[in-house]
Amino acid sequence: QVQLVESGGGLVQAGGSLRLSCAASGRTFSVYAMGWFRQAPGKEREFVAAINWTGGWTSYTDSVKGRFTISMDSAKNTVLLQMNSLKPEDTAVYYCAANGGQLTTILSGYPYWGRGTQVTVSS
């Protein structure tokens, strides 16, 4: 099994920055890709960004391109999401996910999930 623990969420003002971290443990040798998803109240969980374990490939949803950056620290088994120029519409619970197959934007492509961390952006 793979365990994922998110951290770094909090309350920030619009235009501010926040960095999320996700530490993986357990059978991490089987992980190929890690990603971030978010879910706002009353909305479905949506893809945000993903990266392969070695950091060579990345993918972002259009709404965060140019503002968010995903990166991988393989030595620490940790994926990071640097969020800049935050907007109120970024408010959501952010979930870390991992898979052993491929880099994908599809929710069902990730069998391992963290419990989430709350990000709130005030105006």
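The figures that follow rest on heavy atoms only: side chains count, while hydrogens, waters and symmetry mates do not.
Put simply, CG on Asn77 and CE on Met34 are 8.0 Å apart, with the number rounded to the nearest 0.5 Å. Atoms CH2 and CD1, from Trp57 and Ile51 in turn, are 12.0 Å apart once rounded to the nearest 0.5 Å. Considering OG1 of Thr28 and CG of Leu4, their distance stands at 10.0 Å, rounded to 0.5 Å.
Applying the side chain to side chain donor-acceptor pair (under 3.5 Å) rule to Tyr110 yields no partners; only residues at least two apart in sequence or on another chain are considered. Annotation: side-chain contact (heavy atoms from CB on, under 4.5 Å) contacts of Thr105 (sequence neighbours excluded): Phe47, Ser59.
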Could you give me the CA-CA distance, side-chain angles and deciding distance for Gln13 and Leu86, then say whether side chain to side chain contact (heavy atoms under 4.5 Å, CB included) is met? CA-CA 8 Å; Gln13 294 286 330; Leu86 284 163; over 6 Å; no

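The heavy-atom pair separating Arg67 from Ser85 by the smallest distance is NH1-O, 3.0 Å. The shortest heavy-atom contact between Ala49 and Leu81 is CB-CD1, 4.2 Å.
A distance-only check finds no donor-acceptor pair linking the side chain of Gln1 to the backbone of Arg27 [under 3.5 Å]. Listed for the Tyr60 side chain is a donor-acceptor partner under 3.5 Å among the backbone atoms of Ile70.
Shown here is Leu11, whose CG atom has more than 12 heavy atoms of other residues, nucleotides or ligands within 6.0 Å.
Salt-bridge check for Arg38 with Glu46: passed, with a basic side-chain N closer than 4.0 Å to an acidic carboxylate O. The pair Lys87-Asp90 fails the salt-bridge criterion, with no side-chain N (NZ, NE, NH1 or NH2) lying under 4.0 Å from an Asp/Glu carboxylate O.
Using a 30° and 60° split on the angle between ring planes, Tyr95 and Trp113 fall in the perpendicular class, above 60°.
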